[in-house]
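Here the structure comes first, spelled out in structure tokens, and everything after it is commentary.
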Amino acid sequence: MKTIAAQPFDFSFDPARTALIVIDMQRDFIEPGGFGAALGNDVTLLKKIVPTVGRLIGAFRRAGLPVIHTRECHKPDLSDLPRAKHARGKPSLRIGDAGPMGRILIAGEPGADIVPELAAAAGEVVIDKPGKGAFHATPLADILAAKKITHLVFAGVTTEVCVQTTMREANDRGFDCLLAEDATESYFPEFKKATIDMIRAQGAIVGWTATVDQISSAIISP
Ligand code: C5J
């Protein structure tokens, strides 16, 4: 077992049962012209964490631990897009509409792909998810069970939407969850702070938080 001096208290984990989940580091959320920008958000905030997420992924790869990537996207025929989700946001550019990086949040389109700096390595799992949470309508639970994973480290965007939703899903399924504070971001700094506060409140009610340096040095150390 290893221990990280996390918040609100130490996070102990067996590296052999630990995986990194990198949520939705997609061009549609991080680059101009995508879904995030179409909703009126400043995407530069999210772009800034790309190197930090890359450092965390690199540490997991060096330690030989699983890295799992997710992408929020839908089938081209929109059969997995609920009417209620389609109707949200700004009418100017909705999911499935043609944008500068192809159809917004559609599997196989350039915008739905992970930013090139963080592309999945050969053999790494990439989960396409139609919801905000990565367990909903995906094989994630079965994949983690097959790998005997009990502890999850989270990175990605956005902190209060897909990262928090997935962390809560995982927490309810019995995983111990740690959020890498500086490898996650929101279009709204106050939402990121509130999410981190609520995750670790009440004795880690959703999980723990720590920095990429803390997590990386713990998993790389012998
Ligand atoms: C959003 C996400 N914010 N990946 N998706 O719609 O957080």
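For ligands, and for the atoms within them, numbers begin at 1 and follow the listed sequence. If you read the sequence from its start, that first residue is 1, and numbering goes on from there. These figures come from a predicted structure and were not determined experimentally.
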With ILVMFWY side chains joined below 4.5 Å, transitively, what does Val125's cluster contain besides itself?
Ile21, Ile23, Ile68, Ile127, Phe135, Leu140, Ile143, Leu144, Ile149, Leu152, Phe154, Val163, Met167, Phe175, Leu179, Ile196, Ile199, Ile205, Val206

Which protein N or O atoms sit under 3.5 Å from any N or O of ligand 1? Give each pair with its distance.
residue  : atom  : partner : partner atom : Å
ligand 1 : 3 (N) : Thr158  : OG1          : 3.4
ligand 1 : 4 (N) : Asp24   : OD2          : 2.7
ligand 1 : 4 (N) : Val157  : O            : 3.1
ligand 1 : 5 (N) : Glu72   : OE1          : 2.9
ligand 1 : 6 (O) : Lys132  : NZ           : 2.8
ligand 1 : 7 (O) : Thr158  : N            : 2.9
ligand 1 : 7 (O) : Thr158  : OG1          : 3.0
ligand 1 : 7 (O) : Cys162  : N            : 3.1

So the side chain to side chain donor-acceptor pair (under 3.5 Å) pairs with at least one residue in residues 19-40 (sequence neighbours excluded) are Asp24-Thr70, Asp24-Lys129, Arg27-Glu31

Spacing of Gln7 atom CD and Trp208 atom CH2 [to the nearest 0.5 Å]
12.5 Å

So the salt bridge (charged side-chain N to carboxylate O under 4.0 Å, His left out) pairs with at least one residue in residues 131-149 (sequence neighbours excluded) are Glu72-Lys132

The side chain to side chain contact (heavy atoms under 4.5 Å, CB included) partner of Val53 among Val157, Val22, Val212 is Val22

Charged N-O contact under 4.0 Å between Lys192 and Glu185:
yes

